[in-house]
Amino acid sequence: MGPGRWPAIHRRGGRWIALLLVLLQCLSSLPAAQGAEGEDPLSALKVAFIYNFTRFVQWPEVPPRRPFVIGVIGDPVLEGQLRVLEREAKGVEGRPIQIRAYLGPDAIAPSEILFVGAQARGGLEAILRRTAGWPTLLVGDGPGDAARGLAIELFRKPDIFGKTERLGLRINPGAIKDRGLKASAQLYDVAEVVR
């Protein structure tokens, strides 16, 4: 993200950000669609959240032609849905989105976002060691992921009527800061903070 973008968001005022967050909350409370057997019905919403994190997190400046890399380890369903995003999205700050799937912690290469799925949760310590010092936003959806060192944890919670599920956010500010990233205050406004 270029240095001019961060202040530009604030100059536009809170209306655009508030509208985007309201839309995100509305999307996250829609009834879960029935997917294929074994498919997480909220995985499409996870993709929307992951993509929208690009609007609320600031990464160190990189060459503009380099792809914006979103990595996935341990969640083949989410990987497939992210590949749809790769084909259809306009990119991030003019950079094309590139999805990379990793089979194990040693295969992980630098990326802007890395989603850690259920099948990789047992190797979380190795993933944290492998990515230490990288400006990578680590995101997961397992219970306690934020407390265990990931920057953002997506978690399921019932809607106000208790009939459907929606996604919530837990944020670990230390995990964001340790990687040289900055998160917008608006992201904290819609999340539970884990210390």
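Since the structure is predicted, the reported quantities are computational estimates derived from the model, not experimental observations. For the numbers below, each heavy atom of this structure counts, side chains included, while hydrogens, waters and symmetry mates do not.
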### Message
Would L82 and Y51 count as a side chain to side chain contact (heavy atoms under 4.5 Å, CB included) here? Give the steps.
### Response
CA-CA 9 Å; L82 282 166; Y51 181 68; over 6 Å; no
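- Shown here for E86 and I99, the closest heavy-atom pair between the two residues is OE2-N, 3.0 Å.
- Every pair passing salt bridge (charged side-chain N to carboxylate O under 4.0 Å, His left out) that includes a residue from residues 112-140 is listed here, sequence neighbours excluded: R66-E112, R95-E112, R121-D141, R121-D145.
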### Message
Checking V194 against E153 for the side chain to side chain contact (heavy atoms under 4.5 Å, CB included) test, could you report, in this order, the C-alpha distance in whole Å, the side-chain angles of both residues, the deciding distance, and whether it holds?
### Response
CA-CA 10 Å; V194 175; E153 175 187 329; 5.6 Å; no
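- Distance check, rounded to the nearest 0.5 Å: CD1 of I97 to CD of E88 gives 11.0 Å.
- Of the listed residues (I152, L45, I113), just one forms a side chain to side chain contact (heavy atoms under 4.5 Å, CB included) with I50, and that residue is I113.
- Proximity of L181 to P60: side-chain heavy atoms (C-beta onward) are separated by under 4.5 Å at one or more points.
- Summarising the geometry of R100 relative to A109, their closest heavy-atom pair is NH1-CB, 4.1 Å, with the distance given to 0.1 Å.
- Under the ring pair (Phe, Tyr, Trp, His ring centres under 6.0 Å) criterion, F68 pairs with W59, not counting sequence neighbours.
- In the hydrophobic clustering, L150 connects to V69, I73, Y102, I108, L114, V116, L124, I127, L128, W134, L138, either directly or through intervening members, whenever side-chain heavy atoms lie under 4.5 Å apart.
- Listed here is the closest heavy atom pair of V72 and D75: CG1-O, 3.6 Å.
- Between F53 and L169, some side-chain heavy-atom pair lies under the 4.5 Å cut-off.
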### Query
So V139 and F49, side chain to side chain contact (heavy atoms under 4.5 Å, CB included) or not? Walk me through it.
CA-CA 10 Å; V139 180; F49 270 75; over 6 Å; no
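- When atom types are taken as modelled, the side chain of Q98 and the backbone of P67 share no donor-acceptor pair closer than 3.5 angstrom.
- Residues I176 and A183 come closest through the heavy atom pair CD1-CB, 4.0 Å.
- In summary, the side chains of R55 and S184 do not present any donor paired with an acceptor at a separation below 3.5 Å, with no hydrogens or angles considered.
- The two residues A151 and L137 make their nearest non-hydrogen contact at CB-CD1, 3.6 Å.
- The distance from the CZ atom of R166 to the CZ atom of R156 is 13.5 Å, given to the nearest 0.5 Å.
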### Query
When you look at V84 and Q81, which way does the side chain to side chain contact (heavy atoms under 4.5 Å, CB included) test go after all the steps?
CA-CA 5 Å; V84 173; Q81 293 192 343; 5.5 Å; no
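- Not a single donor-acceptor pair under 3.5 Å links the side chain of R170 to the backbone N or O of F155.
- Minimum heavy-atom separation, R195 to P173: NH1-CG, 3.5 Å.
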